[in-house]
Every structure is written in C-alpha cells, then in structure tokens.
Number of protein chains: 2
Amino acid sequence: MLMRPLIARKRDGGRLAHGEWRHLMQAYAAGDVPDYQMAALAMAIYVQGMDPDETSALTDAMLRSGRCLDLAHLTAPRLDKHSTGGVGDKVSLVLAPLVASLGVVVPMMSGRGLGHTGGTLDKLESIPGFRTDLSLDAARRQLEHLGCVLIGQTAEIAPADRKLYALRHATATVEAIPLIAASIMSKKLAEGLTGLVLDVKRGSGAFLPELERGLELARTMIQLGADRGCPTVALLTAMDRPLGHAVGNALEVEEAVLALRGEGPADLLEVTYALGTEMLLLGGVAATPAEARAMQCDAIASGRAAAVFQAVIEAQGGNPGVVDDPAALPQAAAQGVFTAPRDGVVARVEPRALGNGVTAIGGGRTRIEDPMDPSAGFVVTARPGSHVRRGEPLATVHARDHATVQAGLRVLGEAIVIADEMSEPPLPLVSHRVTANGVEVLATPSA
Amino acid sequence: MLMRPLIARKRDGGRLAHGEWRHLMQAYAAGDVPDYQMAALAMAIYVQGMDPDETSALTDAMLRSGRCLDLAHLTAPRLDKHSTGGVGDKVSLVLAPLVASLGVVVPMMSGRGLGHTGGTLDKLESIPGFRTDLSLDAARRQLEHLGCVLIGQTAEIAPADRKLYALRHATATVEAIPLIAASIMSKKLAEGLTGLVLDVKRGSGAFLPELERGLELARTMIQLGADRGCPTVALLTAMDRPLGHAVGNALEVEEAVLALRGEGPADLLEVTYALGTEMLLLGGVAATPAEARAMQCDAIASGRAAAVFQAVIEAQGGNPGVVDDPAALPQAAAQGVFTAPRDGVVARVEPRALGNGVTAIGGGRTRIEDPMDPSAGFVVTARPGSHVRRGEPLATVHARDHATVQAGLRVLGEAIVIADEMSEPPLPLVSHRVTANGVEVLATPSA
C-alpha cells in the first residue's frame, strides 16, 4: 500500500479513514509495511494525536489482525482487569483466582515488565514450571474447566498490536493516549469479555503520572469498550509509592499468596477488593458493593480463592506447592537489611527508584531478551507517613550475592526519603471511579 | 548508543547537543542505529524543527561521516551551483562547462530525479557511455586536467546523508527546511569549495512553492556556508512554468548543447548567466556583473564553453559527438504534436503536470530501481502569456510508441491551460538575490 501519503496526512494533522487503518494494520501485520514507515507514522500520531473515530478504527484494525477467544458458549460472566502498570502491583495474581472462585470466568492476558514497572508474566514465571505461552485453544479448555487462565499475548492475538507495541517501545512513542488505549483494548476485546475493569495508576511511579492524563486514558478506553458491547469501569489508584511491600518477581508471588490467605498487606487487599467489587457488579454476581466485598472476604477466609490459584498453577505446569509453602519459590542467596539513617518521618518511598533498582540488582530486564534473576527484589515495610527511629529496619534487599545486596541498599537509600515532616500527603489509595456516565471522586488527599 | 532518550527529547521540542548529533550520524552511517529509530527521529524533527545550532551540528555530522574532495592544492577558485530542483532545469549542463571555460574549477556533484523533478545525473546518463560514478580520486584527477567534473554522490561522500535522504523519501519527512539545508550543504561542503551559488526555485513546480519558505531555506544554507568559510549566494528563480522548452532527459541534453552554442531558449540562458555571474564574482574572476556577463557571452560565442563540455563528456566515457550532432542522443520512436484546442492566451504551463507526465510516458522513475526511457519527454514551445490560435502547434511528445504518445498528448492537455486572459502574471525569472547581508528584490511580477 502507498504509505507516504498516509504518513504525510497524519504528519500535517489530518486524519486517516476507517478503511485506511484496517488496510494499514493488516499490511503491517503481514510484513508488507516496513518498520521505518510505521515508526514515522507512530511519531506523527504521537505529536498530532488521533480523534476518537481514528482511535476506534485503530483498535478494531489491531483486534481484527488476529483471532479472538470464543467464549460465547459459556453462560457465566467473562471479566478481566487491566492495570496501566506499577511497582509492586501484584493485584492480578490475587484478583483473578479470587473473582474466579465466585463464579466469574477470568481469561486474563498479561504482559512482561518493561521500564520501571514489573510484568505479571514475569512474576508467574518465577513459579517453577509455570507456562504462560498457552495456545488460544488450550486457554479456552482451561477456562471451561477452571474458570481462570493466566497467559501472555499469544502470536494469535492482535499481532499488529504486538509488532507496533515493540516498535513504539524502541522509538519513544509509548506515552500517547490514543495509542495506549487502542493497544490495551485491542488485546482485551480479543478475550471475548462481557465486562472489563481498569486500574489506572496515578502519581510519580505511573506511566502517566498526572491525574488529568490518567482520566483521559480511562475515558478513552471506557468509550472503546462501551462501543463494542464490553461495559468498562476504571478506578484511579495510587502509584506515588509501591503497592504492598514486595517488589520483585518471586517476592511478589509470595506476597500474593499471603494475600490470598488473608495475610496480605492492607493496601494490596484494599485495591484488590475495590477492583473485584467492580467486576462482581459488572458481572451481576453481586447486587451491591457491600455484598461484593463480603463475598470476596468469604472466598479468601474459606480458602476457595487460594484453591483456585493452586489449581491454575497446576494446570499451567507450575509447582502448586508454592501456595502452601512459598519457600518453594526461588530464594535469593543473600539478604541485607536497610535501616533508618536518622530519626524522622518517611516522606517518600519512590516507586520509580525501586522499580529501576530491581532491574539494577538483576531482577528485571532492560531488553526483552535479557536474562533475569526471579529471586531478586526488595521488601519495603516503611510506609509514607510512618515515624521512624535511627537504626530501625525499614526494608530488605534480596539478591544473588553480597556485592549486589550492597548495590540494593544504595537503591533503598535513594528511594526511601526520611525528613522532619511530610512535604505532601500521600495520594488516596483509590481516588476516582470512572464509568461511561462520568467521573466520581471517591477520596481526596489529606495530610 | 541509547536512541530513545534522544528521540524523546526531540519529540518534546527539545534540542540535541553537537556531540550527540555527531555520535548519532556516525552510528547511523555504520549501521548501528536501525532505520525505524532514525525514522521516528526524522518525523520528530519534521514536526518540532531544529534550531540553527542543531542544523549546523547535523550538517557537520553528515559531512564528517565520509570523505571530502581535497582540492586545496589548486590555486583557481572552486565553485559549484546547486538547484533545489525544477522541471526542465538543465542549467547545470550549460553552467558547469561555461564557468569552467573561464578558469573556475567546478567539482559538480548532482542527484537523480525523484518525484516530479528531473535529475542532472539521469540527463547526463542519456549521453551514450557517460559515467557519473567516478571515485573521488578520479574526480580529483579530472579536475586537475579539465577544471570540471560532473558526478553523483559517491559512497565516500556524506554516507550518513545518503542513507537519511533515502529514508526521508520513504517516510514523508523530506520537506523540512533544516533537513533539506543540512543534506544539501553536507554534500556541497564535501566538494572543497571556495564558494557556492544556490538556485532556489519558487512557484507551483518547486518543492517549496511559497516565497517565504524559499527565502528561509536560502538563508539557512547561506549561514551554514558562511560559518564554514564557503561564501554562499542564492538567487530565487521562477518555477511556475518549466525552464526552457525541453522536459525529458535526452531532450534536455540537446537543449543544453544548443544553449552552449548560443542557440538555447532565452529563459534558460538568462538563468544560466545570472547564476554564472554570481559564480564569477564569488571567484574573483570578474569584478562587476557586466564584466561577468560579457565574459560568459564571449565563452559561448567563441565555442570555448561547448569545447569544455565535449572534453568532459569524452573524459567520462561518453560520446563527445553529441555536442556536434545531438542526433547521436537516444531518439524516441514516435512523436506527436499538441495543438491549441481553442483561440486564447496561454494562461499556465504547469510544471508539476509535465514533470509527472514525463514519468507517466516512461521518461522518469517512481522508484530508484525502475528502468527509464531516456528519449521520452516533451518540447513545449508555448509560453505563459502567448496568444494562440486554435490548431496552432504548442508542444510535441516524444515517446516509445504511438499509444504512449497519445498518453503524452493527454498530459499536455492538462498541463497547458488556454484561457481568455491571464489570471495572474508569471513570476519574474530571477526575483531575489540573497546573501549573508540580506535579501535584494530584483524584480516583482507584472501583468
């Protein structure tokens, strides 16, 4: 196809028609459009934007470049959650089995960690033997049996998005709201959902730190879902600090297992329950938020949620023993304790510094093909606002050797800021709820 | 090198430092930066622009990615002319030998036709046997002997520009003034010049039709030349109509030969003399414009200019007989005459329609690897403002067969517009003179 006129039109602020997006993404998926032309177009889109019709057309074009999960024969509601990505965000590992244990079908497709944020696939693969590369047919069979599957974006799902996503990462064209929204929704809509809940992070550790940009992304995705018969709700949650205590792949699986037993950190459980409530309401499983919350507490207290996680791990080739004994997860050879360097209050726990720090001590990737140490990471018990005394333990480093632990302690020294007083209050954990009807403010910061 | 932060900075309207441009273009020339990252950067530059320091740094970076012609041992002035490209623009073929015959060394490096404009290399290669792919060493030896060489951009000259130019063509990032200026000047400065004259086209057939954009390009290139010890002067000339009568490779060589004998169309000779005057003044060969003009007329009348062209053709492997008898050039098998469809005045002769029409009848390329019929083209004797009678011959088509001639006649029917009266006066042939001191208006349109 003739790419130059399309690139030139977008470059000059014009728009591409529905059929042009469809042909373009088909040709790109088939290898008939070179990466350099798509890169020029992506940059033109980044700078000039896309109108809602174009974003919608691009979403459809990417969705139709591949296959979809056909789950229409299932009578249960089919729901998923997507997070825009954060540090310590292991909600998916808790939420998917929890909601599945309440009769919802959860065909969850996740990504890998890139940049400072972790990825659910990397976390899952720290469970010995766990496979995330199931075919769509295998995923469908598992959903029929267990009501839950935890997989990666296969080659069958939205291949045009898969190629474009990698290209955007290499060409500094990631943080464009229409491109983010179309990328997420083309994958999620391929799951054959009856509803979708979005966890849009805000604050210094989020991809889009500013509230207004987060709201714009939420509204864009909600509209794309609504137009395609997939009711979508978004919660804006705090990422000015890590979620929970653990940051690092195996450490986060361990924390998720604790949460599924009801022993998890309060903030992790709170965000999980809030998102789970939206899913249960969307699926018609609960009639009120209070009922939804009570159902979730019961599923955890009774052990049913943990049992679903164990069954999913076993079905996908992993060692189910990690649910009974997290010590079966990879363990770091060396540990070190970070103590408060002075008396004061914890003013900040910087998620970006911690996320990049995990990569620095071997627990993350800078390139997709890099090797990774699943046991490396941090457990940060210090929370913003806590008063601490000099020498008090605030966090631990887990790494492959003593030298790497020392590097990790330096990361913690940068990430954990002790001051005389808080300079600004932490963001509310769950601050806004966005639906097709508008934005509801749930909480505002308080000192 | 880490490309993403550089792309992101330019994307957000920031600037790259001198050393960053140097490393970047070295890495790109060496194949260490993939085309897709350079394409994203080119689009960011297109939309966000570059400041004069950056344009200067990019010019140096591309210049230094390759070798330069070392002509410092020659005592004669070393001058070249560059045109931004037009339809029927065969000035280089006349000007280079003309000025060389007056003691100037002319190391002229030209390009191929792309889009609607012709290329000097394609015209030269219509001379049987003519080779434009000389090495820099061979070019230097010919300059020592003959004072003139007519070559293409070799692999040794500004290889980073060569790659970037091809990429820009494929990614709709050509018409950005800083990129155009840096591309032209990195090649011209590699010729080791003591001065440079620019022919900046304006009007509907120019790459930058608007006067203000042409002036901006001229000023940008003049500054780049001045900063590097290469005094540069620009003339803005008319491209709202073809220059001369002939459009098409062999036909244009024939017209250039006629001009070197003093028999060329008046507008072609006028533009040639105007540019030649600037070269002779820059080189200190003539003291005044009147003297420069008289010297050029004499070089043509005496046959010395034509003799230099003949010697250059012979030295570069071509058939020198074409200067004595242009019938030795490739001849089209079929011709057709286009006559005026009505009484009236020639309101327009559209250069873009003619330029694209040459390609349509086989005389140009849409891709660099396409074959080409050097004999195909048009000879348009109708000039804007001429009063014509129905049935009067206005132009001829030269093509490979009768069907192609018919296609050419349809092109002429679109390109030559007969009306009751002129809607707007043609642009002055040479309208502005731009130097480091400012812009001088030489002529304004008159009805």
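A, B, ... follow the sequence lines: proteins, then strands. Residue 1 opens every chain.
Considering every non-hydrogen atom in both A39(A) and A39(B), the closest pair reads CB-CB, 4.3 Å. Between A170(B) and Y36(A) the shortest heavy-atom distance is CB-CE1, 3.7 Å.
For the pairing with M43(A), the side-chain contact (heavy atoms from CB on, under 4.5 Å) check across V47(B), I7(B), T171(B) returns one residue only, I7(B).
With a 4.5 angstrom heavy-atom cutoff, A44(A) touches chain B via backbone and side-chain atoms both. At a 4.5 Å heavy-atom cutoff, A42(B) makes no contact with chain A through either its backbone or its side chain. Only the side chain of L167(B) comes within contact range of chain A, with at least one heavy atom under 4.5 Å from a heavy atom of that chain.
Counting heavy atoms from C-beta on, the side chains of R11(A) and E175(B) come closer than 4.5 Å.
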